[in-house]
Asker: 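Structure incoming, see below.
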Amino acid sequence: MNQSNIAKFGGTSLADFAAMQRCADVVLSDPNTRLVVVSASSGVTNLLVALSHGTLSEVDRLQALDDIAQIQQRIVEHLALSNEVLERVRHLLVQMNDTSLAIANGPSAALTDKLLSFGERLSSTLFSQVLIARGAQSVCFDVRDVLKTDGQHGKAIPQVDDIAPLVEERLQPLLNDNIVVTQGFIGSNSQGETTTLGRGGSDYSAALLGEAINAAQINIWTDVTGIFTTDPRITNQAYALEEISFNEAAEMATFGAKVLHPSTLIPAMRKNIPVFVGSSRDPQAGGTIVRNETESKPVYRAIALRREQTLLTVTSMDMLHAPGFLARVFTILAKYNLSVDLVTTSEISVALTLDNTGSNSSGQHQLSDELLAELREVCQVTIENGLALVALIGNGIDSSYGVGTRLFSTLEDVNVRMICQGASSHNLCFLVDEEVAASVVSRLHSSMFENNREGVA
Ligand code: ADP
Ligand code: ASP
Ligand code: MG
């Protein structure tokens, strides 16, 4: 078989029957699309996350379950499903109810992942039926049979070496005769328990499966016509990019551009598989191609914004000329599995940012009391919340003249809380108060991209 394409559809693309029909149009218009990865229908994962905390009143718990069932029902009523398929859907809903009840009696990370999986399991079952109703040969495949992860519930790490042979053995043969629909976001650990890759993880699943089947292209179909110069919800001046490099797009995703899960590009880069981002609502509008080499290499390609940042400042007189202090701080952070992204240091203090948007599936807070107690044994700790990280993304940012001048002259009335530049030629990042963040991005966008759709300095 020729190399095939993967199509991934996000929640809004699968929100209801009409949206699913548009996705079916996209799939059926490309004979090379053999594998389809789906998210849960819009709103379902949020409801499941609310249920997963086990804190809803009984009335609210039943209401949330009913809301999810209604979303499925409104799709089912457009399909003439066999009794067997109807029974499969009903069974999923019953298992979902049972899991939420078990959580109400005692939540756990394993039960949370199990509960969250029902969103994707339901949408994949129904979308496969939508394709069948359109005359296609399609099967729904349980991705947990191949997408092996470690045991970290809520933010599981895929085990790439285990995934490849399982995909070869269990998934690849199905692709010859079927359009296979499978779930994004979920996987299973070595004991067969359900795990999840973190919020927004379906993009990452699509890329991992693309890597495993050696796809020609990974197509991410979402609700925007590509990767924009900045989140189009922040400014209507933002416009879709025709192309962007893997490195630039990976930085954008890492620094908050929700359009791609931060890890999506890692598997694509390993196998050099181009990633396309386009709108399932408007596929004719084209989209953005992400690949290794781009024709243009503008200094300013895009601006990303990541809200809910925590700035942790650790201070110790012992740090003055003392070796090993930073190592101790980072060892403690690593022990609690915290990933640090920006770091600045002065003589006796280190400031670092932690991403609070917590790609952890259940959105749990990262700074535990145990961690803080351990840090306080070696230094003073100050925590500032309510910050947002703005990242300028482009090429040769570290070696271009005038970047700082343009930044500071545009933002002369803004308190820039921390700034990081130099570690990567692709970004310059800084922190500002969350309240002014959108206006900061908007103003920078005007300064860097208006009258200059190439974004050249
Ligand atoms: P899906 O459910 O399809 O995965 P998401 O909501 O996760 O979709 O991602 C799409 C959203 O990402 C867009 O609606 C947009 O608001 C947001 N977004 C943030 N930054 C960007 C950007 N630079 N370009 C395009 N979209 C962006
Ligand atoms: N359904 C999951 C979420 O809402 C995964 C995804 O949409 O990518 O986070
Ligand atoms: Mg997403």
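The analysis underlying the following values was restricted to heavy atoms, covering all of them including side chains, and did not include hydrogens, waters or symmetry mates. One-based numbering, in listed order, for ligands and for the atoms of each.
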Asker: Give the contacting part of V259 toward ligand 1: side chain, backbone, both or neither, where contact means a heavy-atom distance below 4.0 Å.
Answerer: both

Asker: Could you tell me whether T230 approaches ligand 1 through its side chain, its backbone, both or neither, with non-hydrogen atoms closer than 4.0 Å?
Answerer: backbone

Asker: How does H261 reach ligand 2, by side chain, by backbone, by both or by neither, if only non-hydrogen atoms under 4.0 Å count?
Answerer: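 No part of H261 is near ligand 2 at this cut-off.
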
Asker: Which protein non-hydrogen atom lies closest to atom 3 (O) of ligand 1, naming both residue and atom, and how far is it?
Answerer: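 Answer, as residue, atom name and distance: T222 OG1, 2.7 Å.
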
Asker: Taking the side chain as every heavy atom from C-beta outward, state whether L342 and T344 have any pair of such atoms under 4.5 Å apart.
Answerer: no

Asker: What atoms of ligand 1 come closer than 4.0 angstrom to any heavy atom of D223?
Answerer: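 Within the 4.0 Å cut-off of D223, ligand 1 contributes 10 (C), 11 (C), 13 (C), 14 (O).
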
Asker: Within a reach of under 6.0 Å around CD of Q73, are more than 12 heavy atoms found that belong to other residues, nucleotides or ligands?
Answerer: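 Yes.
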
Asker: Looking at R22, I'd like to know if its CZ atom is crowded, meaning that more than 12 non-hydrogen atoms belonging to other residues, nucleotides or ligands lie closer than 6.0 Å.
Answerer: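 Atom CZ in R22 is packed in, count exceeds 12.
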
Asker: For ligand 1, which atoms sit closer than 4.0 Å to a heavy atom of P232?
Answerer: 25 (C), 26 (N), 27 (C)

Asker: Using a 4.0 Å cutoff against the non-hydrogen atoms of V224, which atoms of ligand 1 qualify?
Answerer: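 Near V224, meaning under 4.0 Å from one of its heavy atoms, ligand 1 has 13 (C), 14 (O), 25 (C), 26 (N).
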
Asker: Hey, are R301 and S296 close enough side-chain-wise for a donor-acceptor pair under 3.5 Å?
Answerer: yes

Asker: At less than 4.0 angstrom from any non-hydrogen atom of I227, what atoms of ligand 1 do you find?
Answerer: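 Within the 4.0 Å cut-off of I227, ligand 1 contributes 24 (N).
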
Asker: Under the salt bridge (charged side-chain N to carboxylate O under 4.0 Å, His left out) criterion, do R144 and D113 qualify, and how do the steps go?
Answerer: CA-CA 12 Å; R144 294 171 298 174; D113 276 353; over 6 Å; no

Asker: Using a 4.0 Å cutoff against the non-hydrogen atoms of M252, which atoms of ligand 1 qualify?
Answerer: 23 (N)

Asker: Do me a favour and list the nearest non-hydrogen protein atom to atom 24 (N) of ligand 1 with residue, atom name and distance?
Answerer: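 Ranking protein heavy atoms by distance from atom 24 (N) of ligand 1, first comes F228 N, 2.8 Å.
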
Asker: Which protein non-hydrogen atom lies closest to atom 6 (C) of ligand 2, naming both residue and atom, and how far is it?
Answerer: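 Heavy-atom neighbour on the protein nearest atom 6 (C) of ligand 2: S202 OG, 3.3 Å.
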
Asker: Can you list the atoms of ligand 2 that are under 4.0 Å from a heavy atom of S39?
Answerer: 6 (C), 7 (O), 8 (O)

Asker: Below 4.0 angstrom, N of the basic side chain to O of the carboxylate: do K258 and D223 qualify?
Answerer: no

Asker: Look at atom 5 (P) of ligand 1 and find which of K258, R199, H261, R233 reaches it with the closest heavy atom.
Answerer: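 Answer by nearest heavy atom: K258.
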
Asker: For atom 15 (C) of ligand 1, what is the closest protein heavy atom, and at what distance to 0.1 Å?
Answerer: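 I find the closest protein heavy atom is D231 OD1, 3.4 Å.
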
Asker: Does some non-hydrogen atom of G11 fall short of 4.0 Å from ligand 1?
Answerer: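 G11: in contact with ligand 1 (<4.0 Å).
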
Asker: Checking the side chain of T99 only, and the main-chain atoms of L115 only, is there a donor and an acceptor separated by less than 3.5 Å?
Answerer: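 No, T99 side chain to L115 backbone: no donor-acceptor pair under 3.5 Å.
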
Asker: Look at ligand 2 and say whether G200 reaches it with a heavy atom at a distance under 4.0 Å.
Answerer: yes

Asker: When you compare ligand 2 with D203, is there at least one nitrogen or oxygen pair between them that comes in under 3.5 angstrom?
Answerer: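 Checking ligand 2 against D203, no N or O pair falls under 3.5 Å apart.
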
Asker: Got more than 12 heavy atoms from elsewhere within 6.0 Å of CD, Q284?
Answerer: no

Asker: Let me confirm one number: the CD-CG distance from E384 to L312, rounded to the nearest 0.5 Å.
Answerer: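 Going from the CD atom of E384 to the CG atom of L312 covers 10.0 Å.
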
Asker: Output the list of atoms in ligand 1 that are nearer than 4.0 Å to some heavy atom of K8, sorted by atom number.
Answerer: 4 (O)

Asker: Answer yes or no for G226: is there a heavy-atom contact with ligand 1 below 4.0 Å?
Answerer: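 The answer is yes: ligand 1 sits under 4.0 Å from a heavy atom of G226.
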
Asker: Which atoms form the tightest heavy-atom contact between I71 and A15, and what is the distance?
Answerer: CG2-O, 4.1 Å

Asker: Looking at ligand 2, would G10 count as a contact under a 4.0 Å heavy-atom criterion?
Answerer: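 Under 4.0 Å: no for G10.
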
Asker: Using a distance-only test with no angle check, is there a side-chain donor-acceptor pair under 3.5 angstrom linking R199 and T45?
Answerer: no

Asker: What's the shortest distance from atom 2 (C) of ligand 2 to any protein heavy atom, and which residue and atom give it?
Answerer: E120 OE2, 3.4 Å

Asker: Is the shortest side-chain heavy-atom distance between N178 and F141 below 4.5 Å?
Answerer: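 No, every pair of side-chain atoms sits at 4.5 Å or beyond.
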
Asker: Give the atoms of ligand 2, by number and element, whose distance to some non-hydrogen atom of R199 is under 4.0 Å.
Answerer: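 Under 4.0 Å from R199, ligand 2 has these atoms: 3 (C), 4 (O), 9 (O).
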
Asker: Should the pair H445 and Y239 be assigned to parallel (<30°), tilted (30 to 60°) or perpendicular (>60°) ring geometry?
Answerer: perpendicular

